[in-house]
Amino acid sequence: MPGLFIKKAEKEHRLTKDELTAILENDGINRELFDAADRVREKYVGDKVHLRGLLEFSNLCVRDCLYCGLRKDNKNLKRYRLKPGTVLDFARKAVSYGYKTLVLQSGEGDFYSTEDIASIVREIKKFGVAITLSIGEKTEEEYKLLRQAGADRFLLRIETTDKELYEKFHPGMNHENRINCLRTIKKLGYETGTGSLIGLPGQSIGSIADDILFFKELGADMIGVGPFIPNEDTPLENEQGGTFEMSLKVMALTRLLLPDINIPATTAMESLDPNGRLIALKSGANVVMPNVTEGEYRALYRLYPGKICINDTPAHCRGCITGKIRSINRVVANDYGFRKKIFKV
Ligand code: SAH
Ligand code: SF4
């Protein structure tokens, strides 16, 4: 039966929760699933791979997400916050390597005023690139200001659609508010990116199926899923963590149901498998987010252990990933890589 569901999803881009669950529970049909996702990727978004340069501009955070190395209670981490001039400097370098999109990511909080971030956005926009922000929960006014400053996209993972689990892993945070933030981001005209962590302790297969249905219901433009990787500096240090295979399955199913969106081969996947990003690119993904953070900051932005390329330079990463993409007969895109809506839900 799950094999038939894959065929149905490849044609109709629809599945019920029960059908999604059946596929997620059956590992005997993984090859069929990955191949179907690869065909749908080729049909809707083609062979071009979009590179987004990830600039990790601060590891300070006011939140205490139980899984994350940047959580405020982790005292084993040297904290940094780049000065606006340094952010611009790293951004300028990244643009010189050919990136057409920069993703500005940081921990959450008011370590910069919204006006400071808006002014960084305005300056970087002058370099002629698209900007994605990934700076957590803000008020509608703040999201609006940043959008007006020129930010094109916003990335905020729902992490899990299981409300109880969400609130257990995010002390002091509220699941409805997370959803409201995403709806606000969408309403303001950002290309909206979300996604979830796979393999959180206590996460059921049914709730992962709900995650995928949520992505579709929200009308997400970009979905990043990755395995939860236990961090020894957090309360979840002794937990199991998610698997590469399950993350890949969720990613492939996301491609089948949302055929024309952008889907990154995530760094966390490559941390679990040295060929993780290439395997992901052959199973539905069409985006890679190489790191453009310079110097020691790369290692200090330690969400989880085993993060790849912490001793490499942005120039090296750019060359390395381009070679890898070519090795699987795909091409690096040189446009902005906005989502082109083809499939009507
Ligand atoms: N503070 C912002 C952006 C930085 S965190 C935010 O939370 O939105 C970026 C992503 O890192 C999070 O969405 C989370 O899914 C991921 N992450 C954090 N800790 C992780 C871990 N231990 N394993 C895998 N991914 C993790
Ligand atoms: Fe902070 Fe984001 Fe990590 Fe949560 S996931 S602790 S908000 S950096």
Side-chain angles (χ1 to χ4, degrees), residues 52 54-77 79-81 103-112 117 132-138 143 146 153-161 165-175 177-179 181-182 185 190 192-201 203 208 211 215 220 222-244 246-247 250-251 264 266-273 276 289 291 293 297 300-308:
R52 324 285 201 201
L54 178 65
L55 207 169
E56 303 155 331
F57 67 95
S58 160
N59 70 357
L60 287 159
C61 191
V62 293
R63 301 292 192 188
D64 229 357
C65 310
L66 259 55
Y67 46 79
C68 179
L70 308 194
R71 65 198 299 271
K72 76 168 176 346
D73 278 1
N74 179 13
K75 308 293 179 212
N76 288 337
L77 185 68
R79 303 284 172 162
Y80 72 90
R81 171 186 172 282
V103 182
L104 302 181
Q105 194 179 77
S106 70
E108 222 176 286
D110 293 328
F111 301 101
Y112 301 77
I117 309 256
T132 306
L133 292 176
S134 177
I135 56 176
E137 296 186 12
K138 298 272 168 198
Y143 284 135
L146 295 166
R153 311 187 180 115
F154 206 101
L155 176 55
L156 182 76
R157 283 182 171 175
I158 187 73
E159 314 291 2
T160 170
T161 43
L165 208 62
Y166 179 89
E167 289 177 1
K168 181 170 149 200
F169 290 128
H170 302 89
M173 294 172 82
N174 170 299
H175 198 245
N177 194 51
R178 193 77 170 179
I179 296 175
C181 284
L182 283 165
I185 288 165
Y190 285 99
T192 305
T194 187
S196 42
L197 278 170
I198 306 302
L200 286 168
Q203 186 181 40
I208 297 179
D211 291 354
F215 304 155
M222 186 279 229
I223 293 295
V225 290
F228 151 60
I229 303 175
N231 183 324
E232 69 282 9
D233 290 328
T234 69
L236 301 185
E237 62 173 327
N238 295 320
E239 300 292 342
Q240 266 246 281
T243 65
F244 177 72
M246 185 52 106
S247 311
V250 178
M251 195 202 75
T266 55
T267 312
M269 284 193 184
E270 185 114 337
S271 298
L272 293 192
D273 185 309
M289 295 165 67
N291 200 316
T293 316
Y297 306 115
L300 293 177
Y301 197 83
R302 194 171 185 274
L303 304 166
Y304 50 80
K307 187 180 162 196
I308 57 166

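Fair warning: this is a prediction, and the values are worked out from it, not measured in the lab. When reading the values below, keep in mind they use all heavy atoms of this one structure, side chains included, and skip hydrogens, waters and symmetry mates. Counting starts at 1 for both ligands and their atoms, following the listed order.
Protein heavy atoms all stay at least 4.0 Å away from atom 2 (Fe) of ligand 2.
The 12-atom threshold is not exceeded at CD of Q240, counting heavy atoms of other residues, nucleotides or ligands nearer than 6.0 Å. In this structure, D110 places its CG atom where only 12 or fewer heavy-atom neighbours from other residues, nucleotides or ligands lie under 6.0 Å away.
From Y166, atom OH reaches atom OG1 of T161 across 12.0 Å, with rounding to the nearest 0.5 Å. Separating the CZ atom in R71 from the CG atom in L303 is a distance of 13.0 Å, to the nearest 0.5 Å. Taking CD from E56 and NZ from K307, the interatomic distance works out to 3.5 Å, rounded to the nearest 0.5 Å. For the atom pair NE2 (H170) and CG (L66), the distance works out to 8.5 Å, reported to the nearest 0.5 Å. Atoms CD1 and OG1, from I223 and T192 in turn, are 9.5 Å apart once rounded to the nearest 0.5 Å. L272 CG to T267 OG1: the interatomic distance, rounded to the nearest 0.5 Å, is 11.5 Å.
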Q | Audit row: N231, R302, side-chain contact (heavy atoms from CB on, under 4.5 Å) steps and yes/no | A | CA-CA 9 Å; N231 183 324; R302 194 171 185 274; 3.7 Å; yes
Q: Quick one: do L156 and Y143 satisfy side-chain contact (heavy atoms from CB on, under 4.5 Å)? Show the steps, please.
A: CA-CA 12 Å; L156 182 76; Y143 284 135; 4.2 Å; yes
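For N231, the closest heavy-atom approach to ligand 1 does not fall below 4.0 Å. Close to ligand 1: Y301, with a non-hydrogen atom less than 4.0 angstrom away. Contact annotation: A268 has no heavy atom less than 4.0 Å from any atom of ligand 1.
Nearest to atom 16 (C) of ligand 1 among the protein's heavy atoms is R157 NH1, 3.8 Å. Protein heavy atom at the shortest distance from atom 22 (N) of ligand 1 is I229 O, 2.8 Å. From the protein, the heavy atom lying nearest to atom 19 (N) of ligand 1 is Y67 CD1, 3.3 Å. Closest to atom 9 (C) of ligand 1 among all protein heavy atoms lies Q105 NE2, 3.7 Å. Nearest protein heavy-atom neighbour of atom 13 (O) of ligand 1: E159 OE2, 2.6 Å. The protein heavy-atom contact nearest to atom 24 (C) of ligand 1 is P227 O, 3.2 Å. In this structure, the protein non-hydrogen atom closest to atom 11 (O) of ligand 1 is L303 CD1, 3.5 Å.
Using a 4.0 Å cut-off to heavy atoms of C68, the atoms of ligand 1 that qualify are 18 (C), 19 (N). Every atom of ligand 1 with a heavy atom of S134 under 4.0 Å away is listed here by number and element: 3 (C). Ligand 1 places these atoms under 4.0 Å from at least one heavy atom of L197: 15 (O), 24 (C), 25 (N), 26 (C).
Of the N or O atoms in G69, none lie within a sub-3.5 Å distance of an N or O in ligand 1.
By the 30° and 60° cut-offs, the orientation of the rings of Y112 relative to F57 is perpendicular.
For a distance threshold of 2.8 Å, the protein N, O or S atoms nearer than that to atom 4 (Fe) of ligand 2, listed by chain and number, are C65 SG.
Within the 3.5 Å criterion, the main-chain N or O of D64 finds no donor-acceptor partner in the side chain of D73. Side-chain atoms of T194 come within 3.5 Å of backbone atoms of I158 as a donor-acceptor pair (strictly under, hydrogens ignored).
The residue from P230, S106, G136 that puts a heavy atom closest to atom 3 (C) of ligand 1 is S106.
Here the shortest heavy-atom pairing between C65 and M173 reads SG-SD, 4.4 Å.
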